[in-house]
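Just below is one structure, and these are the notes that go with it.
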Number of protein chains: 2
Amino acid sequence: MTGTTDNSSVTGADAAKRILAAAKHLFAEAGFDAVSMNAIAERAGVSKANVFHHFKSKNELYLAVLKAACNESSPQIDRLGSDQGAFVEHLRDFSQAHLANLLRDEKISRLIQRDLLENGSQRGKEFAEQVFGQNFARLVEILREGQKKGELRDGIDPAMLATLLIGADVFFFQGREVLRHFPDVGFTEAPDRYSAMLADILLHGILPKNQLNG
Amino acid sequence: MTGTTDNSSVTGADAAKRILAAAKHLFAEAGFDAVSMNAIAERAGVSKANVFHHFKSKNELYLAVLKAACNESSPQIDRLGSDQGAFVEHLRDFSQAHLANLLRDEKISRLIQRDLLENGSQRGKEFAEQVFGQNFARLVEILREGQKKGELRDGIDPAMLATLLIGADVFFFQGREVLRHFPDVGFTEAPDRYSAMLADILLHGILPKNQLNG
DNA sequence: ATTAGCACTGACCGACCGGTCGGTCAATAC
DNA sequence: GTATTGACCGACCGGTCGGTCAGTGCTAAT
């Protein structure tokens, strides 16, 4: 009875969290336009007016979702540049970890990618630049350092390689549903194998051994 | 005065075309939800009711737009498997042509990609599978033939390579706006250079010469 | 001249949108 | 006690949505 100070059992800040969670789920599933504040309120178990009490507008709620979603990921890029040597394996590990990340937080990944695709409205753009760019810049930096140490060919543009690494994963993620239906594609259910094949191609190229002098 | 049979100067089938064009423009620019039938009708210069006269529903109009958009592209993939030999250059050319395609029909590319990302509704999914898959399967087939002729390493999965080829371009397209703002990235304005670097990496790998025995 | 058929329109519908309003209620401050 | 506060709600706002419908004008066959 005495500990009423931190009492937030059913009400209070709990509602805001539930609203945020509901919004995150719905936005990720259907996008900004297709989700109504009514639906969010209903899913959160609160009134629509209460949603507006906690968040000034639908836009602000969306940004809050985006921010919260990104903060709970992306703490594992740094592993790529951890210890010396074994740069090759680090690359493979990074690709695997990155792809696993995309797949684990599937909804959020889709949410962010959807936002990236929308260039018309700045709804969350500068934010996407900020967060995505932060990770991207870190990756480029690590690659450049690896190149200085001679673990990467000199002709390679680190930014290009970073783009390729991330792009391959993102496209795998995006096209997975469609790719799954092609008999030619045998890796949609095995992202690790995909990452391994990607690393193999990046490391050794696609040419046969007897054509290596390009 | 006599040729009244093919008279479609202002009315008739002309309206349907104008509606389709208006819808294509607006959908590509803002997506399905953000475009109203009112806006489409207004841009097409007809009444909203007339839009429903030519297209049963917003969904049907959207599908028609998607179908028309895809039919006017993608006739140049076949060039990749045209003549014998020079497989390497064919690959580079394909990558360039494909990326140029994405950029030229920027709006439509975004439209299709947006649809790909939406997995919840089947709005245009089976269609995306059909068209996109058609091109993809063709690319895989060409790669497989190249592999049989010994122009591609045996360990390479053709479907994987196809995914990587397309994915690299798609991600370049998607992330271009964001990538442009990073000083590290110097190829956002030069897609040809991007394609060339991509081909270089694919052909020769990223390792220095003295580490080629992997 | 009448009829049939078609492209086309303005007026209209119910549903839902994002957002606001007045007001209730429980907890805290004094 | 009373005043204040902030979470919370039902009802409601103006506006827009996708879609419908009765009717108009035009063409062409009868």
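Note that the structure is predicted; figures quoted are calculated from it, not measured. Every chain is numbered from 1, with letters handed out A, B, ... down the list of sequences.
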Which atom pairs, donor and acceptor, lie under 3.5 Å between side-chain atoms of residues 191-202 of chain A and protein residues at least two apart or in another chain?
unit_1, atom_1, unit_2, atom_2, d
A:Arg193, NH2, A:Gly186, O, 2.6
A:Tyr194, OH, A:Ala168, O, 2.8
A:Ser195, OG, A:Pro191, O, 3.3
A:Asp200, OD1, A:His204, ND1, 3.0
A:Asp200, OD1, B:Arg153, NH2, 3.2
A:Asp200, OD2, B:Arg153, NH2, 2.5

* To do: For A:Ser109 and A:Leu102, indicate whether the former's side chain and the latter's backbone hold a donor-acceptor pair under 3.5 Å.
  => yes
* **Under 3.5 Å donor-acceptor, A:Arg18 side chain and A:Ala44 backbone** => yes
* State which residues pass side chain to side chain contact (heavy atoms under 4.5 Å, CB included) with B:Lys58; sequence neighbours excluded, sorted by chain then number. => B:Phe27, B:Phe32, B:Met37
* **Residues in side chain to side chain contact (heavy atoms under 4.5 Å, CB included) contact with B:Ala39, at least two apart in sequence or another chain** => B:Leu26, B:Ser36
* To do: Can you see which heavy atom on B:Phe136 is nearest to which on B:Ala162, and at what distance?
  => CE1-CB, 3.8 Å
* Any salt bridge (charged side-chain N to carboxylate O under 4.0 Å, His left out) pairs touching residues 41-54 of chain A, not counting sequence neighbours? -> none
* **Nucleotide-resolved protein contact map, nucleotides 9-21 of chain C, B/S/- at heavy-atom distance under 4.0 Å** => BB------SBBBB
* Structure fact -> Axis-to-axis angle across the helix from C:dA1-D:dT30 to C:dC30-D:dG1, five pairs each end, nearest 10 degrees, ~ 20°
* Quickly work out the B:Ile40 CD1 to D:dG19 C1' distance and round it to whole Å. => 13 Å
* Asked: In whole angstrom, what separates A:Arg18's CZ from D:dA7's C1'?
  -> 12 Å
* Point-to-point distance, once rounded to the nearest 0.5 Å, from CD1 of A:Ile19 to CZ of A:Phe52 -> 10.5 Å
